[in-house]
Q: 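Structure provided below as structure tokens; questions to follow.
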Amino acid sequence: MEKGKKRTREENKEEIEAGSSDADHSLSLEQNLTFSDTLVALRIMRAQFPQIDKAAIQPFILQSQLYSSVKDRTQVDRDLESLRREKVVRIFKLNTGQDDHGIMLLDDYIKQMEHVIRRMEERKQGDLEVFKWFKAYVIESKLEPSIEHQELCSLLSLGGRVKDDHISLLINAGLLTRQLIDPNMYWFAIPNIGSILKGISQGRKELISLLNRRRYKEMMLVPLEKKRLRLSPLDMRFHLRDLIGSGHLKTAHSPTGIVVRVSKD
Amino acid sequence: MWKEIGDREAGKIRPNSFSSRIKSNRISNLQLSNHKDIVSPHRGSINSLQVDLTEGRYLLSGASDASAAVYDVQKATNYEGNGLIAKHKYLFLVDKQHEKGHKYAISSAIWYPVDTGLFVTGSYDHCIKVWDTNTTQVVMNFKMPGKVYRTAMSTLATSHMLIAAGTEDVQVRLCDISSGAFAHTLSGHRDGIMTAEWSTSSEWVLITGGCDGAIRFWDIRRAGCFLVLDQSQSQLGRRPPVLGRSAANKVSVSKLTSAGQSSLVKSRAPQKKYANGHGIKQSTIGRMPGKGSARQRVHPGMLSIQDRATAHYGAVTGLKVTEDGMYLLSAGSDSRIKLWDLESGYNTLVNFEMVRLQTSKAIQLAISQDSAHVFVPCMAVVKAFDVWSGKMSLAFRGHYESVNCCWFSSQDQELYTGGSDRQILVWSPRKSISDDMDEGHAKDQDNWSD
């Protein structure tokens, strides 16, 4: 069995701050595949998020990564729900396929929003007070990943008169996207995340094809982790956790270590 | 086993817990049956299976080649393999050759809930036919505006004989057998309706799942639906905590107070009492917002049309209500299975590990009687999950192609599955064949010691 790290939340926070630079290199995936608590798993995975130079983006975690890290999936769902209600994290629906959700700590999201707002201020594209209203009224009160047009307008109008241009500004900044099925609903979105989402879907395909090309469609975890993916800016560990959690890959214990294989169902 | 029987006799174990212990033991060693086989005459994939509810003896199957057949699952038609394997051939078959038979695939075949004298089939040729079992004649024919995806009749009904039909049209139609006409239609869905189930706690409540991802609850005595399940409304745990209900309401109440007016409000009909209550005043039901385009006054029962909450991100492909009427399991084409608490209308957030589910066709789920196991057809495998924790307990691999339907007979603890490979497989608890063989030997010998 992997060593589950049982730590209290406060202890762990300090450790993360102290050792976040070491976290990347010294902890191998084999020893740290599972954690005991959802919040612990979230914080550790956030610390392990790879640095990408091209896109300045705050760390986020995919929901499938959490499923591979904590044993009980139902408990993960319930913990996420209570964290969401306590406004510790925010959940976003991503468009990389079937029911993918991205989880971001609220502080990180606010930082990301401010980065985008600053960029738009430099370009001086129209009235920028809508971003203040968005942060103060919409983010504070609407905790679900989607919002209706009427409700958005009524929440924004608590700050001032809302025009259609304001909503276009929010969509241009990348904070909202229209839903394809329903023209009246919007998804909340993480701005500047497009290239990373593309990297996620291409990296997934590459990793699965890498394993499918092998004779028995399996590989030991330790050498697999050392490989680098060509098409994705994210590291192998990110993709492994994601695919194991969504069920496309299975892990099995062998006397020499953990083996990762493509699941056949 | 003998000790447990002795304990029951002595009163140490209650009879109910004794029988449920044996039943769950048998369920946990379900495997492909080595003594029972159903010979399927169908030449198309099997879309629907149902064992009759009165005796638990006759299995009705509907297939894509417009044929429906009935088998006796308790008495075999002939024996093979030295009397060890029971073969169950069909008792009768109705197919395209029948003068009034269906012309295209049968998507749903169900028994009349009161007795096995009638059965109802719905097909892609836009017809629902009611058949007399003994004479195999069509007694009634209802013409629908689109392909029929599902037909359902209430097992509790004492005052009505309505067939609820879900078609590719957006309206649910209720067909009345006693009069031969349509009783009424229920509008609210925005796309075709793939699944329909009657509630197991009330004869007036119908639950439908649509291709738009919404699950709606209809009381057929009134217009409009009274509940639309929303996947973002969730509760942590099987039942909402008594004091924690205020926490669940915090989100919706803050929504109402921070927004000036509650424009798109989930309306709750005045008669229905909800323990949680979203704090919606009755006065808002008649009022429509004036913002944006002008809207006409809508009948209070039809306000539910504006409620666009979805239960799944894709179409709802399977629905099953537990026998006690307290929980609902729904399967969607987003490959998720969700467990809903029917009294509060919330998602209980139980996570069933699923990689892929069939997206184009409806699937039939099955639940064991004590609501502890749910059997889900996932592509070519049928998986059994524990309902409360979401963990997979058993996987049944035997079909060559995707499985479309399954039925669990709680009387014998047997699972029948039908798939696109035209086979009906029986999964039964392990029965050692050696018992039968010994019996054969002992018959001819005396008990005298020589």
Side-chain angles (χ1 to χ4, degrees), chain A residues 63-64 66-68 70-82 84-87 91 93 97-101 136-138 140-158 162 164 179 181-185 243 245-250 262-265, chain B residues 190-191 212-213 230-237 244 247-248 250-251 254-264 289 291-292 306 308-310 312-314 332-336 338-339 347-357 359 378-381 383 386 388-392 395 397:
Chain A
Q63 203 170 0
S64 45
L66 276 182
Y67 291 143
S68 69
V70 182
K71 238 193 233 163
D72 188 1
R73 297 168 74 108
T74 307
Q75 195 55 40
V76 170
D77 275 351
R78 291 184 174 154
D79 285 342
L80 269 183
E81 179 66 21
S82 20
R84 187 184 66 93
R85 285 190 194 162
E86 291 165 19
K87 295 197 202 167
I91 304 188
K93 184 165 183 324
Q98 256 184 18
D99 211 9
D100 268 341
H101 289 271
Y137 304 117
V138 183
E140 284 301 303
S141 49
K142 186 73 180 172
L143 301 173
E144 280 92 38
S146 64
I147 187 169
E148 280 165 341
H149 180 79
Q150 288 281 27
E151 202 179 343
L152 177 67
C153 291
S154 52
L155 283 172
L156 284 175
S157 59
L158 291 173
V162 181
D164 280 337
Q179 281 194 21
I181 331 162
D182 195 345
N184 272 340
M185 302 268 298
L243 285 172
S246 58
H248 290 97
L249 294 179
K250 276 209 188 32
V262 181
S263 60
K264 50 182 163 66
D265 287 334
Chain B
R190 287 177 289 142
D191 201 353
D212 54 355
D230 187 351
Q231 57 184 317
S232 52
Q233 306 278 329
S234 47
Q235 71 190 28
L236 311 167
K250 240 192 265 175
V251 180
S254 63
K255 217 197 309 179
L256 290 175
T257 51
S258 62
Q261 59 191 60
S262 47
S263 43
L264 287 157
K291 237 188 192 174
Q306 269 108 39
R308 297 179 134 160
T310 54
H312 281 271
Y313 286 124
S333 61
D334 57 349
S335 301
R336 289 275 179 278
K338 298 200 161 110
L339 179 69
N347 181 357
T348 55
L349 290 181
V350 178
N351 191 307
F352 296 89
E353 182 176 346
M354 202 66 64
V355 179
R356 267 173 75 203
L357 279 180
T359 52
C378 322
M379 308 311 291
V381 182
K383 292 192 182 160
D386 174 50
W388 310 118
S389 68
K391 293 205 171 61
M392 186 181 90
R397 292 188 173 90

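Basis for what follows: all heavy atoms, side chains included, without hydrogens, waters or symmetry-related copies. Every chain is numbered from 1, with letters handed out A, B, ... down the list of sequences. What you see is a predicted model, and the numbers here were worked out from it, not measured in a lab.
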Q: Please rank Ser333(B), Ala380(B), Gly314(B), Ser335(B) by heavy-atom pairs under 4.5 Å with chain A and give me the top one.
A: Ser335(B)
Q: Answer with side chain, backbone, both or neither: which region of Thr310(B) has an atom nearer than 4.5 Å to a non-hydrogen atom of chain A?
A: neither
Q: Please look at Asn184(A) and chain B and tell me whether the side chain, the backbone, both or neither of the residue comes under 4.5 angstrom of a heavy atom of that chain.
A: side chain
Q: Can you tell which part of Tyr137(A) gets under 4.5 Å to a heavy atom of chain B, answering side chain, backbone, both or neither?
A: neither
Q: Keeping the roles fixed (side chain from Thr74(A), backbone from Ser389(B)), state whether a donor-acceptor pair exists under 3.5 Å.
A: yes
Q: Is it the case that Lys383(B) places NZ or CZ above or below the six-membered ring of Phe352(B), under 6.0 angstrom from the centre and within 45 degrees of the axis?
A: no
Q: Do Ser234(B) and Glu81(A) get their side chains close enough for a donor-acceptor pair, meaning under 3.5 Å?
A: yes
Q: Please check this pair: side chain of Arg73(A) against backbone of Gly245(A), looking for a donor-acceptor N/O pair closer than 3.5 Å.
A: yes
